[in-house]
Amino acid sequence: MQAEPVLHISGLTITAVDSGHRASPKLVDSVSLSVCPGEMLGIVGESGSGKSITASAVLGLLPNGLTITAGDIFLNGVNLQHLSHKERRRVRGRQIGYVFQNYQESFTPFRKIGKQLVETVQAHEHLTSAKARSIALDYLERVNLPAERVFTSYPCQLSGGQLQRAALASALMLKPSLIIADEPTTALDVLTGKQVLDLLAELQQQTNCAVLLISHDLAHVLKRTHHIAVMYAGRLIEAAPTGHMRSAARHPYTQMLLHSRPALSDDEPPERLGVVAGEPGMLPQHGCPFAPRCPHRFALCDQTPELKSEAHAVACHLPLIERRDDDAAVARDQPYLQVVHQ
Ligand SMILES: Nc1ncnc2c1ncn2[C@@H]1O[C@H](COP(=O)(O)OP(=O)(O)OP(=O)(O)O)[C@@H](O)[C@H]1O
């Protein structure tokens, strides 16, 4: 029997609030996804596709000017939309740990790391300072840091990789059921970034928490996640178990993403990399958001494809049409829709 999801997002829609009450574009549109205990879900997609604001919505930290206009977010069966600000703050940190790209902001600059970790523990658990200190030191050790030295250091005395590992310790030490890691390696060099992700995977195995890993880097996501969700222009366009996605991606955008990544382990010299043509901001007035950049577009793309609730879900008319190959051959040659730039 499949475990109950730790996180279940249903039909999440996020809109920029327009002071003039004009219809503003949906920045995230009807996104649904789930992550189970012990599972790592990767969300990939190019810049501006809505990955970070989806994560911010789960944390209850949407920037000013953005609002949830539809959908629900359940954490361990509790609808987070129904919680007060105070309850939400308690959930954040206690039940959801988070690690961001900007590790410098994970700690206040002029206070020692240890003091900040102890305060974090004590903000959520009624523990003595000695007990909170021992938890903080334990987690600093678990993330392979010289615990005593880091405990007594100021943030500026640590390297970027050390700070990001300390942030990981901070995210994990309250044993949250969900970790959100939003581009946790972007500001790190390749090797340090790999170590941080290896550590995240190792600690996830120890604690069986669910992990939402947001990344531009498809190679990282393919290597570490169990499921992948691909976002484009605020919509989820494909979602599948990672193995399926690697071998049988169906959406043309996902296929292009896979072809635009270098093979790292082959002895062969790398092939010429693919490019996702066109500009990210090119959106049609209606229909499939990827159509203006899609080499396979055809008349039906004028209608928005739905993402069906299937193990390997794809929002594209093509897989459906390919089964009806006579129609497809005709349809693909048809001229295409009007494009608007946003
Ligand atoms: N505070 C804001 N006000 C208005 N629009 C915003 C705000 N924050 C983000 N957006 C818009 O929301 C969309 C999604 O942004 P988001 O940061 O989630 O993208 P992303 O996929 O995480 O990109 P990146 O990988 O570059 O972080 C973008 O079009 C962005 O311009």
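Read the numbers this way: they start at 1 and go in the same order the structure lists the ligands and their atoms. Just so you know, these numbers come straight off a predicted model, no measurement behind them.
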TODO: Identify, with sequence neighbours excluded, every residue that meets side-chain hydrogen bond (donor to acceptor under 3.5 Å, both in side chains) alongside S34.
DONE: H8
Open item on the list: Checking side-chain polar atoms at under 3.5 Å, does T225 have a donor or acceptor matched by the opposite partner on T242?
Closed with: yes
Could you list each nitrogen or oxygen of ligand 1 that sits under 3.5 Å from a protein nitrogen or oxygen, with the atom names and the distance?
from: ligand 1; atom 1: 18 (O); to: S52; atom 2: N; distance (Å): 3.2
from: ligand 1; atom 1: 18 (O); to: I53; atom 2: N; distance (Å): 2.9
from: ligand 1; atom 1: 19 (O); to: G48; atom 2: N; distance (Å): 3.4
from: ligand 1; atom 1: 19 (O); to: G50; atom 2: N; distance (Å): 3.4
from: ligand 1; atom 1: 21 (O); to: G48; atom 2: N; distance (Å): 3.4
from: ligand 1; atom 1: 21 (O); to: S49; atom 2: N; distance (Å): 3.0
from: ligand 1; atom 1: 21 (O); to: S49; atom 2: OG; distance (Å): 3.3
from: ligand 1; atom 1: 21 (O); to: G50; atom 2: N; distance (Å): 3.0
from: ligand 1; atom 1: 21 (O); to: K51; atom 2: N; distance (Å): 3.1
from: ligand 1; atom 1: 21 (O); to: K51; atom 2: NZ; distance (Å): 2.8
from: ligand 1; atom 1: 22 (O); to: S52; atom 2: N; distance (Å): 2.9
from: ligand 1; atom 1: 22 (O); to: S52; atom 2: OG; distance (Å): 2.8
from: ligand 1; atom 1: 23 (O); to: G48; atom 2: N; distance (Å): 2.8
from: ligand 1; atom 1: 25 (O); to: K51; atom 2: NZ; distance (Å): 2.9
from: ligand 1; atom 1: 25 (O); to: H216; atom 2: NE2; distance (Å): 2.9
from: ligand 1; atom 1: 26 (O); to: S47; atom 2: OG; distance (Å): 2.5

TODO: Flag the pair R293 and E46 as a salt bridge only when some basic side-chain nitrogen lies within less than 4.0 angstrom of an acidic carboxylate oxygen.
DONE: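 Yes.
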Task: Lys/Arg-Asp/Glu bridge criterion (N-O < 4.0 Å) met for R224, E202 - done: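 No, this pair does not count.
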Open item on the list: Against E39, only a single residue in H227, H226, Q204 fulfils side chain to side chain donor-acceptor pair (under 3.5 Å); can you say which?
Closed with: H227
Open item on the list: Starting from V121, can I reach I179 by hopping between I/L/V/M/F/W/Y residues whose side chains sit under 4.5 Å apart?
Closed with: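 In one cluster: yes.
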